[in-house]
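To start, the structure itself, in structure tokens.
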Amino acid sequence: MLWDTHMHTHFSGDSDASPRQMILAAQQAGLSGLCFTDHLDYDYPDDPDLFLLDFSSYSEEIQSLRQEFKERFPILLGVEIGLQPQIAEKNRIAAKACSFDYIIGSSHVVHGMDPYYSKYYEGRSEDDAYLEYFESILENLRTDADFDVYGHIDYVVRYGPNRNRFYSYMKFADVIDEILKTIIHMGKGIEINTGGFKYGLGHPNPTEDILSRYRELGGEIITIGSDAHAPEHVAFTFDRVPELLSQAGFHYFTVFQERKPVFLKLNE
């Protein structure tokens, strides 16, 4: 009985889904609850308004649905904030704009470019592009960002020229270990994001090796998210999640309520 705590609706610039559709899909999938985490990305390149979030309308609609479904299905209000050093203070203010239950901090833009687009990889090796992405996560962590869990830590491999064909945790172990140790020291967590399966990688984001390394280093806070942008992707491949987390050494997963972690047993 899992929760999907990473999903997007029409409040995000890259989704047309209605929140109600996502709730119904989550119920159909047999989930225990969900958390909406629509995008907020200030300073997004080329289209600065694409991922701005209307806090008032967002909160009002989700809270209304929360009230409607309160006896049948738990619904939480979250946000996925795109982290960049130059907007750290702006993001800290945004984190307090609503009574969020949960905040995902993510790296979508690296030094003015989104790795979703091919120009990020032009004129250099794929490894160098990936390394810059991981180093940018460390830059964001050093800004004292306000978040609960760092999202899809190896997001970049979804879009590289060869995606994850030549990618491995070991190739970038030094910088990834520093990321994981910093997150643990901050008292934050990471997520297992099944979007990697949707993108055909054959692995979650981050990979199984990174999940195991995080647990080995003492990480305990781990949330589960599909990164769904449409109802058909809610709880995508969640049937694989309990075994993946168990193999990585986890007995619990985490759901945030009022910004506080609640630990739930994996096999109940």
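Everything numeric in this text was worked out from a predicted model, so none of it was measured. The first residue of the sequence shown is numbered 1, and numbering continues consecutively from there.
Looking at Tyr133, its side chain never comes within 3.5 Å of a backbone N or O of Asp154 through a donor-acceptor pair. Listed for the Arg158 side chain is no donor-acceptor partner under 3.5 Å among the backbone atoms of Gly200. A donor-acceptor contact shorter than 3.5 Å links the side chain of Asp4 to the backbone of Ala235. Judged by distance alone, with hydrogens and angles left aside, the side-chain atoms of Thr5 form no donor-acceptor pair with the main-chain N or O of Gly225 at under 3.5 Å. Put simply, the side chain of Asp114 never gets that close to the backbone of Val110: no donor and acceptor are under 3.5 Å apart. The backbone N or O of Gln21 sits less than 3.5 Å from a side-chain atom of Ser18, completing a donor-acceptor pair. Here the side chain of Arg165 pairs no donor or acceptor atom with the backbone of Pro161 at under 3.5 angstrom. Without hydrogens or angle criteria, Asp148 side chain to Ile103 main chain gives a donor-acceptor distance under 3.5 Å. Remark: the backbone N or O of Ile75 is paired with a side-chain donor or acceptor of Arg66 at under 3.5 angstrom. Side chain of Asn205 to main chain of Gly196: a donor-acceptor pair is present (N/O by atom type, distance under 3.5 Å, no hydrogens or angles).
Sorted by first and then second residue, the ring pair (Phe, Tyr, Trp, His ring centres under 6.0 Å) pairs with a member in residues 208-243 read His8-His229, His39-His229, His233-Phe236; sequence neighbours excluded. Counting only residues at least two apart or on different chains, the side chain to side chain donor-acceptor pair (under 3.5 Å) pairs with a member in residues 238-255 are Glu243-Gln247.
Considering every non-hydrogen atom in both Val109 and Pro45, the closest pair reads CG2-CD, 3.7 Å. Taking both residues in full, the closest heavy atoms of Leu34 and Ala26 are given as CD2-CB, 3.6 Å, listed atom of the first, atom of the second, then distance. Heavy-atom minimum distance, Val234 versus Met22: CG2-CE, 3.8 Å. Residues Leu77 and Cys98 share a closest heavy-atom pair of CD2-CB, 4.4 Å. Contact between Ala230 and Ala17 at its shortest, heavy atoms only, is CA-CB, 4.2 Å. Minimum heavy-atom separation, Pro115 to His108: CD-O, 3.3 Å.
Taking the side chain as every heavy atom from C-beta outward, Glu80 and His152 approach each other to under 4.5 Å. Looking at Leu211 and Ile222, their side chains come closer than 4.5 Å, going by heavy atoms from C-beta outward. Looking only at side-chain heavy atoms (C-beta outward), Lys171 and Phe166 come within less than 4.5 Å of each other. Residues Pro261 and Val255 are not in side-chain contact: their nearest non-hydrogen atoms beyond the backbone lie 4.5 Å or more apart.
To the nearest 0.5 Å, the span separating CE on Met113 from CG on Asp46 amounts to 11.0 Å. Distance OG/Ser226 to CG/Asn193: 7.5 Å, rounded to 0.5 Å. Summarising the geometry, atom CD1 belonging to Ile192 is positioned 11.5 Å from atom CD1 belonging to Ile210; distances are rounded to the nearest 0.5 Å. Atom OG of Ser32 and atom CZ of Phe73 lie 7.5 Å apart (nearest 0.5 Å). Atom NZ in Lys96 sits 11.0 Å away from atom CG in Asn91 (nearest 0.5 Å). The distance from the CD atom of Glu132 to the CG atom of Asp127 is 13.0 Å, given to the nearest 0.5 Å.
By the ring-ring contact (aromatic ring centres under 6.0 Å, His included) test, Phe11 pairs with Tyr58, sequence neighbours left out. In terms of the ring-ring contact (aromatic ring centres under 6.0 Å, His included) criterion, residue partners of Phe256 (sequence neighbours excluded) are, by chain and number, Tyr102. Listed by chain and number, the residues in a ring-ring contact (aromatic ring centres under 6.0 Å, His included) with Tyr121 amount to none (sequence neighbours excluded).
Asp209 and Ser212 share no donor-acceptor pair across their side chains, judged by distance under 3.5 Å alone. Side-chain contact check for Glu191 and Thr223: no donor-acceptor pair (N or O, by modelled atom type) lies under 3.5 Å. Inspection of the Thr194 and Asp227 side chains reveals no N or O donor paired with an N or O acceptor under 3.5 Å.
Ring pair Tyr155/Tyr159: centre-to-centre distance below 6.0 Å. Between His203 and Phe197, the ring center distance fails the sub-6.0 Å criterion.
The number of heavy atoms from other shown groups lying within 6.0 Å of OH (Tyr116) does not exceed 12. The neighbour count for Gln257 CD, taken as heavy atoms of other residues, nucleotides or ligands under 6.0 Å away, is above 12. Around the CG atom of Asp16, the shell of radius 6.0 Å holds no more than 12 heavy atoms that belong to other residues, nucleotides or ligands. When the shell of 6.0 Å around CD of Gln63 is examined, it contains more than 12 heavy atoms from other residues, nucleotides or ligands. Annotation for Glu68: atom CD counts as buried by contact number, over 12 foreign heavy atoms lying within 6.0 Å.
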Just distance, no hydrogens or angles: give the donor-acceptor pairs under 3.5 Å from side chains in residues 174-186, sequence neighbours left out.
unit_1 : atom_1 : unit_2 : atom_2 : d
Asp177 : OD1    : Tyr169 : OH     : 2.7
Asp177 : OD1    : Arg213 : NE     : 3.2
Asp177 : OD2    : Tyr169 : OH     : 3.3
Asp177 : OD2    : Arg213 : NE     : 3.3
Asp177 : OD2    : Arg213 : NH2    : 3.1
Glu178 : OE2    : Arg142 : NH2    : 3.2
Thr182 : OG1    : Glu178 : O      : 2.7

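The aromatic rings of Tyr44 and Phe51 lie perpendicular to each other, with more than 60° between the two planes, well past the 30° mark.
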Residues Asp43, Lys90; criterion salt bridge (Lys or Arg N to Asp or Glu O under 4.0 Å); working and verdict = CA-CA 10 Å; Asp43 277 15; Lys90 198 171 184 179; 5.1 Å; no
Dump the intermediate steps for side chain to side chain donor-acceptor pair (under 3.5 Å) on His111 and Gln84, then the final yes or no.
-> CA-CA 8 Å; His111 306 140; Gln84 297 184 68; over 6 Å; no
Go through Asn140 and Thr143 one step at a time and tell me if the side chain to side chain donor-acceptor pair (under 3.5 Å) criterion holds.
-> CA-CA 5 Å; Asn140 290 326; Thr143 65; 5.4 Å; no
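Judged by a 6.0 Å distance limit and a 45° cone about the ring axis, Lys188 is positioned over the six-membered ring of Phe147.
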